[in-house]
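Below is one structure, written out as structure tokens; the observations come after it.
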Number of protein chains: 4
Amino acid sequence: MNTFGNNFAITTFGESHGAAIGVVVDGCPSGIELSEDDINLDLARRAPSGSVSSTTRREADLAQIVSGVYNGRTTGTPITILIQNTDVRSTDYDKFAKIFRPGHADFTYHHKYGNRDHRGGGRASGRETAARVAAGAVAKKYLQSISKIDIFGYVTLAGDKKATSFDRDFIDSNPFRTADREMAADLEGYLAGIRAEGNSVGGVVELCIDGTPIGLGEPVFDKLDARLAYAFMGIPAVKGVEIGDGFAVAGLRGSENNDQITSTGFLSNHAGGVLGGISTGQRIFARIAVKPTPSIAIPQRSIDLDGNELDITVGGRHDVFIAPRIVPVVEAMAYIVLADFWRIYA
Amino acid sequence: MNTFGNNFAITTFGESHGAAIGVVVDGCPSGIELSEDDINLDLARRAPSGSVSSTTRREADLAQIVSGVYNGRTTGTPITILIQNTDVRSTDYDKFAKIFRPGHADFTYHHKYGNRDHRGGGRASGRETAARVAAGAVAKKYLQSISKIDIFGYVTLAGDKKATSFDRDFIDSNPFRTADREMAADLEGYLAGIRAEGNSVGGVVELCIDGTPIGLGEPVFDKLDARLAYAFMGIPAVKGVEIGDGFAVAGLRGSENNDQITSTGFLSNHAGGVLGGISTGQRIFARIAVKPTPSIAIPQRSIDLDGNELDITVGGRHDVFIAPRIVPVVEAMAYIVLADFWRIYA
Amino acid sequence: MNTFGNNFAITTFGESHGAAIGVVVDGCPSGIELSEDDINLDLARRAPSGSVSSTTRREADLAQIVSGVYNGRTTGTPITILIQNTDVRSTDYDKFAKIFRPGHADFTYHHKYGNRDHRGGGRASGRETAARVAAGAVAKKYLQSISKIDIFGYVTLAGDKKATSFDRDFIDSNPFRTADREMAADLEGYLAGIRAEGNSVGGVVELCIDGTPIGLGEPVFDKLDARLAYAFMGIPAVKGVEIGDGFAVAGLRGSENNDQITSTGFLSNHAGGVLGGISTGQRIFARIAVKPTPSIAIPQRSIDLDGNELDITVGGRHDVFIAPRIVPVVEAMAYIVLADFWRIYA
Amino acid sequence: MNTFGNNFAITTFGESHGAAIGVVVDGCPSGIELSEDDINLDLARRAPSGSVSSTTRREADLAQIVSGVYNGRTTGTPITILIQNTDVRSTDYDKFAKIFRPGHADFTYHHKYGNRDHRGGGRASGRETAARVAAGAVAKKYLQSISKIDIFGYVTLAGDKKATSFDRDFIDSNPFRTADREMAADLEGYLAGIRAEGNSVGGVVELCIDGTPIGLGEPVFDKLDARLAYAFMGIPAVKGVEIGDGFAVAGLRGSENNDQITSTGFLSNHAGGVLGGISTGQRIFARIAVKPTPSIAIPQRSIDLDGNELDITVGGRHDVFIAPRIVPVVEAMAYIVLADFWRIYA
């Protein structure tokens, strides 16, 4: 379904080339300051960067608060946020109306739903995540009003380029949202080359959550890490999620992986801030694998609705490297997961 | 909470050293053949193997069907399965009543709940997963009655030992549940060494799901892969989940990662059988990272409830390598996730 | 929360004098014909009738489908319907910003939420039910595409006026939505009198559901009748719900109340088409008690936010007899309840 | 489904003549004192009274706490309560295996589920409500630990006998659970007469909830009164629910029905303690219509599974007047509804 969360619940709606996309945020307490600017700030972080890595589609992405806010504060009723679809060139997609683009949801949506809005990927478009970012902005405002929560993500890998240093302040000042200046410099040329060959490339996003108390998370199925994995794996293009040291722990001994405890706290944090599905109060961190954008200008084999084979080239205005734009989406989903737990914690 | 699923929903309950653990399975259609033997078969696969890798606790784990089955078939009402806790030596745990065992949920449960059943890990014990396996057996019977579903998992990595060959028939005939005979032979000595040093080691489980139709999965948050990640990350000791090629796709180009389509089907399956959160009809596969069991006989630093520092040695009857016993749990959760989707698909 | 339903789920949002109200309908199958006209038809039935009984507020109530429909048919994705608030005179409500109107939700919303949109009742306004009617129109289209479902409601009581005859065709041709021509004639003068004294009056709505199969309803908590009661009692102004013969059965013997069965069907239908919470295939019927609109022009005692006593007169543009406008809301909720069950039935 | 509630959620299971019935209570905070005696006290109130009105089946109904309690206090994990089925005479029901008893769920269960446990009504038996009473006892203990909550129900009508006086202390000291001594005296003979004719009779239960704060209830669908109606209408044999003055308000003017407000509180309570779906802090009260037990010794027409007509006489050990035994069930469901809201209120 299109609702996520139990007590702080979001419902997103809308197709890439429909009239608008949007979200209903239910369960946000009343009295929280909230403006369209708060939301637009985060939407801008998800918007195409204008750099070599991203689509040239210009999504102004202006949030319109339709309900749930009065005199600048939430009222405890559902907060609905609309984002009009503006720079829509649906005719670009006419040629794909009867073809399955490889790596896209065209094939499965067609078989599951039959009547499918193919324009711009329809509901399966990454554009739907703008609604999540808008909802995340609400969750953030709520949590910031009751805690010192601080969530930030950044790109640590793009194809064969890897970050080796970390400068948090640098993250939002480069279009690739890496925390490594050298990597950013590298990526300019690297991604230009990939764009030149009509290709795309995958990447990895890391996420840090600071400022949580001990005790968030509800065993046994709604563990904090299980809910985060649920939230992250539901983001388009995500193919893997690690909590704490993730797959690396498979190669470790218990004596190496256990986080020993002293009177002043844990001596390490291999667990990533979660034990038994409940937050330890340490930093929570995760890694998220992002696949290369499936829209590429290199000819690929596919079939049409009648099963006829053909070669397909997906030109258009596509992202060469989508991971930087997924960073704010991952952050948003993390805020939403935490807000949901916090509603029954506090 | 302790319920997973919407239309095929399971609710587990019980502590490791309480009277019993168990599960209520709600939403299973009527008329499905189901016996306690069906369930015991799977419970036996999760039980300690008696090999070098596993605990010497002997969990007979006999399922008792308390409700929902009449004349050998399900009635459409909730199926309750009880598993009595038999070989319980709670006094083994007396010394841990006031100490937080590193890597365990003791610390977070204590702070979240205050009144905590510390015996054998209480609710946070891996023993709770027996209830999931019992529920998975019901899901399996249901799905086998309407499809050719086939789910199997196996161990591909243990510390620094890696599988390099695959023989499905071998999986259930070795205590380490690897599909690689050579690896199994290696592990005997390797794990004996780890046991000798009082240590434990992590591993990786792979899972394959064959026989699904096109169309399982509900965008946008309840994507098939998102629900699988949710289910798997909620299993104790799991720290990472990959769907399809997982983290490997981060290093790929779109032209390498896209699964091209011909009139006879997909040319590859990097996606792992899921596009846009919906099953493609191909094999669904996943990798799951399992941390080393935190219970080790090597002294570690910790604190007691009053914050006093001390050294702790967790002897007892523990698993050196838990991944093989997690295989049936992963399979069970996969059956449950699929059954939940299938209820509104068919 | 503001979501109702599990597999066919609606989420309403919006305040009476905000920018718009609306609804997200999730879980509607794809391929169902749906137009804004389909929805407007039902919205018009909820709109003020222009008769002596209803408010002079003119709610054009035009539905705008924002998502979920492509080429005139549903796509299986969330259907969002917006209804702009047009004839809004919020200044009418300035005087009530700091006073609790008796019989309204002002008092409880203020204490629960603090920051409250008082204009026109805000979220607690009957206007919110327009969103339910819009969602009900979608549910109706869905169910009509797979069944012979037929749901209709009508007014049987207004104050001390009672219906004594039944002509279904008459229901939609009189502003009081009674099925009794004589009663309709009576009500003209009766309600004019109540309007003249600045008062309002309560009523009873009856609902019939024809065309359901045997088997809708999910024991034990989600019984068909329990879900209907849940849905109806959640409509503003509703204070009582009866299924079948309702309170009358309290005075009966088992031999009178049991519906005996023959080879051609039941001999009676005291149960109202539901046994054990599951539809019998007979007509399902219910009665719903509607309280008099609390907005009256007769002075009443109340207090302001500071606890000061005062006399309050709620003039404005109010309904003298709201039951006729609740009829389409009751019908809509019935369609939604049935659609929700039908999704897992078929 | 068989789960009720969101944050304080109960899942009941079990058939009348199966091994046991029971309930899992999820979401109860930790640290609440809870013993089997606490539960047995309430179970005893639901048990057959031994009077002229009730079945001679002797249900000892002893609660066994299987999980979720340690050292006499809840641990925050699921509380599972088992009640063994003891005085079971399933052979009494052999003759009904292939016949639909009028007024029972036999007909609908058969058509919906096919494989049906007919013994003693199976899952549709009133016996299932013992599990609700057990869960209600837990909810009561939780709420009593944080509030002055006080919930009590009583019988006000039995066939044509009506209560005219009220003495709370008398309620639990008479088998008919009326608060009117004269009515109790009357009922002895009245019900003996009904039993003599092999018949049964319906009744009305009233419920009062004292000690709630302002603010319980979640608009717009999960209004406090809507959730109560949902809970009560889901109890077997219930056919009507009124909140506050219920159907009586249909005959009133707004000026009569509005509860005016002064600086010391409301001047009346027609609303029944709920405005806009949110508790006002006043007494919440409701009336519940209970149908006559369908099991009667008077021959009735019915059919068998093959559609053959026949006459059926349902002798056995049945209740002549079930309303007194429904009182504790109504109370239990009220506690559960309130506990569910309280979890996100406090």
Side-chain angles (χ1 to χ4, degrees), chain B residues 1-3 5-27 29-34 64-85 97 109-110 112-119 122-124 128 131, chain D residues 1-3 5-27 29-34 64-85 97 109-110 112-119 122-124 128 131:
Chain B
M1 305 289 274
N2 297 275
T3 297
N6 298 302
N7 292 302
F8 186 100
I10 72 164
T11 302
T12 71
F13 55 84
E15 285 79 40
S16 183
H17 289 216
I21 60 168
V23 65
V24 182
V25 180
D26 201 359
S30 60
I32 313 294
E33 276 190 42
L34 183 71
Q64 177 194 1
I65 297 177
V66 170
S67 69
V69 174
Y70 183 61
N71 285 340
R73 290 181 183 272
T74 60
T75 59
T77 65
I79 301 161
T80 303
I81 302 163
L82 276 186
I83 305 167
Q84 304 294 329
N85 289 323
Y109 268 67
H110 172 76
K112 186 178 180 79
Y113 298 115
N115 187 46
R116 172 173 66 93
D117 182 348
H118 70 281
R119 301 167 304 166
R123 180 72 182 145
E128 178 267 336
Chain D
M1 305 289 276
N2 298 274
T3 297
N6 298 302
N7 291 301
F8 186 100
I10 72 165
T11 302
T12 71
F13 56 84
E15 285 79 43
S16 183
H17 289 218
I21 60 169
V23 65
V24 182
V25 180
D26 202 359
S30 61
I32 312 295
E33 276 190 41
L34 184 70
Q64 178 194 1
I65 297 178
V66 172
S67 69
V69 174
Y70 183 62
N71 285 341
R73 291 182 182 272
T74 60
T75 60
T77 66
I79 301 162
T80 304
I81 301 162
L82 275 187
I83 305 166
Q84 303 294 330
N85 288 323
Y109 268 66
H110 172 77
K112 186 178 181 78
Y113 298 114
N115 186 47
R116 172 172 66 91
D117 182 349
H118 70 281
R119 300 167 303 164
R123 179 73 182 144
E128 179 267 337

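Values below: all heavy atoms of this structure, side chains included; hydrogens, waters and symmetry mates excluded.
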Which region of D:Ile21, side chain (C-beta onward) or backbone (N, CA, C, O), has a non-hydrogen atom less than 4.5 Å from a non-hydrogen atom of chain B, or is it both or neither?
neither
For D:Arg73, is it the side chain, the backbone, both or neither that has a heavy atom under 4.5 Å from a heavy atom of chain B?
both
Quick one: of D:Asn2, D:Thr77, D:Thr11, D:Val24, who has the most non-hydrogen atom pairs under 4.5 Å with chain B?
D:Asn2
For the candidates D:Thr80, D:Asn115, D:Asn71, which exhibits the highest count of non-hydrogen atom pairs separated by less than 4.5 Å from chain B?
D:Asn115
Rounded to the nearest 0.5 Å, how far apart are OG of D:Ser30 and NZ of B:Lys112?
9.0 Å
Can you give me the closest heavy-atom contact between [X] and [Y], atom names plus distance?
X: B:Pro78; Y: D:Arg123; value: CD-NE, 3.6 Å
X: D:Met1; Y: B:Ala9; value: CE-CB, 4.2 Å
X: D:His118; Y: B:Tyr70; value: CE1-OH, 3.2 Å

Sequence neighbours left out, what passes salt bridge (Lys or Arg N to Asp or Glu O under 4.0 Å) with B:Asp117? Give chain and number order.
B:Arg119
Listed by chain and number, what are the ring pair (Phe, Tyr, Trp, His ring centres under 6.0 Å) partners of B:Tyr109, not counting sequence neighbours?
B:Tyr113
